[in-house]
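Quick caveat: nothing in here was measured; it's all calculated off a predicted structure. Whatever order the structure lists them in is the order used to number ligands and atoms, beginning at 1. Numbers here simply count residues along the sequence, with the first being 1.
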Amino acid sequence: MSNIEQTLSIIKPDAVERNLEGEIKEMFKSNGFQIFKEKKIQIEKAEAEKFYKVHETKPFYNDLCDYLSSGPIVVMILQKENAVKANRELMGATNPIDAVDGTIRKKYGISIDKNSVHGSDSAENAKIEIDFFFKD
Ligand code: CMP
């Protein structure tokens, strides 16, 4: 049975700053993702804190929120069969050092913080994250 899903993807400030938006979108498209909606925005730190609330007890939370709000980002709804899992595979491991060849983070990521892309980690969180940026 087909399972067309949507997931949220963010091209993070380090990648937008290096003009990688076009190349990263091309990787999504050539891997069968449809970019259903997209917008380029810059968010306030308070919004980043809300978005990453699940990480609020982590030692890296403050830096993470400073970073996500530090420059323009591109937020996208990606659509594909089993999009959540497929996107996680295409992104690669959180730390680019651990990411395998052919993944976005291996190709473009600089560090665990500047890892170029974010993607929802479950279908449930995909709905929450899509609503966060696209509800209106
Ligand atoms: P992301 O998928 O956007 O989700 C949370 C982010 O926290 C993660 O990517 C990393 O960029 C960042 N981060 C920084 N330090 C860590 C860490 N030790 N473990 C996991 N994520 C981290």
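The distance from ligand 1 to the heavy atoms of Lys12 drops below 4.0 Å at these ligand atoms: 1 (P), 3 (O), 9 (O), 11 (O). Heavy-atom contacts of Arg105 reach the following atoms of ligand 1: 2 (O) (cutoff under 4.0 Å).
Atom 14 (C) of ligand 1 has as its closest protein heavy atom Asp113 OD1, 3.3 Å. Protein heavy atom in closest approach to atom 10 (C) of ligand 1: Ile112 O, 3.1 Å. Here the heavy atom of the protein found nearest to atom 3 (O) of ligand 1 is Tyr52 OH, 2.6 Å. With respect to atom 6 (C) of ligand 1, the closest heavy atom belonging to the protein is Leu64 CD1, 3.5 Å.
Lys25 has a carboxylate O that lies under 4.0 Å from a charged side-chain N of Glu21, or vice versa, which qualifies the two as a salt bridge. With salt bridges taken as basic N to acidic carboxylate O contacts below 4.0 Å, none links Asp121 and Arg88.
Which of Phe60, Tyr61, Tyr67 comes nearest to atom 13 (N) of ligand 1 through a heavy atom is settled by distance: it is Phe60.
Contacts between Lys114 and ligand 1, counted as non-hydrogen atom pairs separated by less than 4.0 Å, are absent for every part of the residue. Residue Lys58 does not touch ligand 1, judged by heavy-atom distances below 4.0 Å.
Side chain of Asn115 to main chain of Ser111: no donor-acceptor pair is present (N/O by atom type, distance under 3.5 Å, no hydrogens or angles). The closest donor-acceptor contact from the side chain of Glu5 to the backbone of Val84 lies under 3.5 Å. Although no hydrogens or angles enter the test, the distance criterion places a donor-acceptor pair under 3.5 Å between the side chain of Ser116 and the main chain of Tyr108.
Side-chain contact check for Lys85 and Asn3: no donor-acceptor pair (N or O, by modelled atom type) lies under 3.5 Å.
The shortest N or O to N or O distance between Thr94 and ligand 1 is not below 3.5 Å.
With contacts defined as side-chain heavy-atom distances shorter than 4.5 Å, the pair Phe28/Lys80 does not qualify.
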